[in-house]
Amino acid sequence: NLPKLIGDVNMAFGMLHDEFPDAPAIMALPETQYWGGRAKMFKMAILVIKTKAAVIVVCMLLFIMNISHSSLMKRTHEIRILSNSGMSKLKIFFSSLFEVFVVSVVAGIIGGVIAVACSGMTVNLQLSTIILKIQPSVIPKGLILAIILGFLGTILPIIKLSISHHQRI
């Protein structure tokens, strides 16, 4: 009878605290209630971590856009050669998208390998120690995120290049 046991233990701790009022108060709680209280404490930390993750995603998107823009602008000569040799603008556009897809998949796989390597690491926080566990379902989600970021980060530079290339011909 867990509630009766907890009540008896808390009553004994109360009597001990009455005997020694300067001692810290001790109280027995069921495990779910204890961890529920700890979870409330970490709500703000979780919100901050989620906000940091969102900012990191936005920064990565801007970083990818910047890199892809500069690398695509350096390749205008090659794209002009492909266009002059008879390759249609649509084929050039889709070959650029396929290249982005391949690079994104490779980046996602590298990120997955790094995540698996970090699985099992111990992180010490102020009030607890957490062991990082990477679930296998996270790896495909990370790969999908890498593909989405790759496409979102390069679609505007590719469109800009195809419009500017179209105007030059």
Side-chain angles (χ1 to χ4, degrees), residues 29 31-169:
L29 295 171
E31 184 178 11
T32 54
Q33 187 178 353
Y34 172 79
W35 287 112
R38 300 290 79 71
K40 287 179 186 174
M41 241 173 31
F42 286 112
K43 276 189 179 181
M44 184 54 99
I46 291 170
L47 179 64
V48 169
I49 289 169
K50 286 182 179 182
T51 304
K52 283 181 183 179
V55 168
I56 289 170
V57 166
V58 169
C59 289
M60 286 304 300
L61 183 62
L62 294 173
F63 175 75
I64 292 168
M65 286 178 121
N66 188 23
I67 295 295
S68 65
H69 180 265
S70 63
S71 69
L72 285 172
M73 289 301 129
K74 290 178 184 176
R75 295 172 59 194
T76 55
H77 181 68
E78 290 89 358
I79 292 173
R80 194 174 298 127
I81 290 172
L82 288 174
S83 180
N84 291 338
S85 65
M87 194 171 189
S88 72
K89 290 175 181 64
L90 195 60
K91 284 184 180 180
I92 294 171
F93 177 78
F94 282 115
S95 69
S96 298
L97 283 182
F98 181 71
E99 181 182 334
V100 168
F101 176 76
V102 170
V103 170
S104 298
V105 167
V106 169
I109 290 171
I110 291 170
V113 168
I114 292 170
V116 169
C118 291
S119 183
M121 287 178 58
T122 303
V123 178
N124 293 319
L125 300 174
Q126 290 176 349
L127 299 172
S128 64
T129 299
I130 298 172
I131 297 175
L132 297 176
K133 294 287 183 181
I134 307 298
Q135 299 294 329
S137 64
V138 173
I139 306 301
K141 290 176 185 176
L143 187 60
I144 291 169
L145 179 63
I147 292 169
I148 290 170
L149 283 175
F151 276 109
L152 289 177
T154 56
I155 194 70
L156 290 177
I158 289 173
I159 290 172
K160 180 182 177 191
L161 180 65
S162 64
I163 289 172
S164 66
H165 176 66
H166 177 66
Q167 292 171 347
R168 290 181 187 152
I169 292 181

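Going from atom OG of S104 over to atom CD of E99 covers 10.0 Å, rounded to the nearest 0.5 Å. Within the model, atoms CD1 of I56 and CD1 of I49 stand 10.5 Å from one another, a figure rounded to the nearest 0.5 Å. A distance of 11.5 Å separates CG in L143 from CD1 in I110, rounded to the nearest 0.5 Å. Rounded to the nearest 0.5 Å, atoms OG1 (T154) and CG (L149) are 10.0 Å apart. Here the CD1 atom belonging to I67 is positioned 9.5 Å from the CE atom belonging to M60, to the nearest 0.5 angstrom. Note that OG1 of T51 and CD1 of I46 are 11.5 Å apart. Values are rounded to the nearest 0.5 Å.
Across every non-hydrogen atom of L156 and M65, the tightest pair is CD1-CE, 3.1 Å. Of all the heavy atoms in I134 and A115, the pair that sits closest is CG1-O, 3.1 Å. Residues V100 and F151 approach most closely at CG1-N, 4.0 Å, considering heavy atoms.
Side-chain atoms of S95 come within 3.5 Å of backbone atoms of I92 as a donor-acceptor pair (strictly under, hydrogens ignored).
Looking at F94 and L97, their side chains come closer than 4.5 Å, going by heavy atoms from C-beta outward.
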